[in-house]
Amino acid sequence: MSTTKTRTVAPVTSCAMPHLPPMRSDVERLAWHATRRFARFRVLAWTCHEHRATWYELCQGSGVWFIQRMSGDPLKPNVAQSHAWREAEARQMWVALLFGAVR
């Protein structure tokens, strides 16, 4: 008796970066500030900028964490920054952003 195994094949996409889902109806609005408050910071995670007009980065600098929203030309984007949080709060906001719960 032979048995056959079935495999689930994930769809192949050309982009490995996360794409944000549509905003949920109960979306929480983040406050965005056009000024750059941090001279030096590290980008730790990001969403796709090749297939979206607006993309986001999770950043850390000066002991705090924040999210950057960028739009327009990828070589010279319009940049806005969120409030700064401690690491745990920032990671929660980042996950909420990835699931469409905040923008």
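These numbers come from a predicted model, not from an experiment.
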Rounded distance (nearest 0.5 Å) linking atom CH2 of W94 with atom CH2 of W46: 9.5 Å
In one Ile/Leu/Val/Met/Phe/Trp/Tyr side-chain cluster, 4.5 Å: L44, L30: yes
Min side-chain heavy-atom separation R91-W65 under 4.5 Å: yes
Shortest non-hydrogen contact from G61 toward F41: CA-CB, 4.0 Å
Aromatic plane relationship, H49 with W55 - under 30° parallel, 30 to 60° tilted, over 60° perpendicular: tilted
Check against side-chain contact (heavy atoms from CB on, under 4.5 Å), E57 and M70: CA-CA 8 Å; E57 295 177 339; M70 293 171 317; 3.1 Å; yes
Test side-chain contact (heavy atoms from CB on, under 4.5 Å) applied to S82 and W32, step by step: CA-CA 5 Å; S82 70; W32 296 103; 3.9 Å; yes
Atom of L58, atom of I67 and distance for their closest heavy-atom approach: CD1-CG1, 4.2 Å
Reported CG-to-CG distance for the pair N78 and D73, which is rounded to 0.5 angstrom: 9.0 Å
Backbone of Y56 reached by a side-chain donor or acceptor of T47 within 3.5 Å: yes
Mutual orientation of the aromatic rings belonging to H83 and H33 [parallel < 30°, tilted 30-60°, perpendicular > 60°]: perpendicular
Derivation of the side-chain contact (heavy atoms from CB on, under 4.5 Å) call for R103 and R69: CA-CA 9 Å; R103 288 283 161 86; R69 179 183 67 188; over 6 Å; no
Side chain to side chain, H51 and H19, heavy atoms closer than 4.5 Å: yes
hydrophobic_cluster_shared for F66 and V43, side chain cutoff 4.5 Å: yes
V95 side chain reached by M93 side chain, heavy atoms, under 4.5 Å: no
Nearest heavy-atom neighbours spanning G100 and P21: N-CG, 3.7 Å
Non-hydrogen atoms of V79 and Q68 that approach each other most closely: CG1-OE1, 3.5 Å
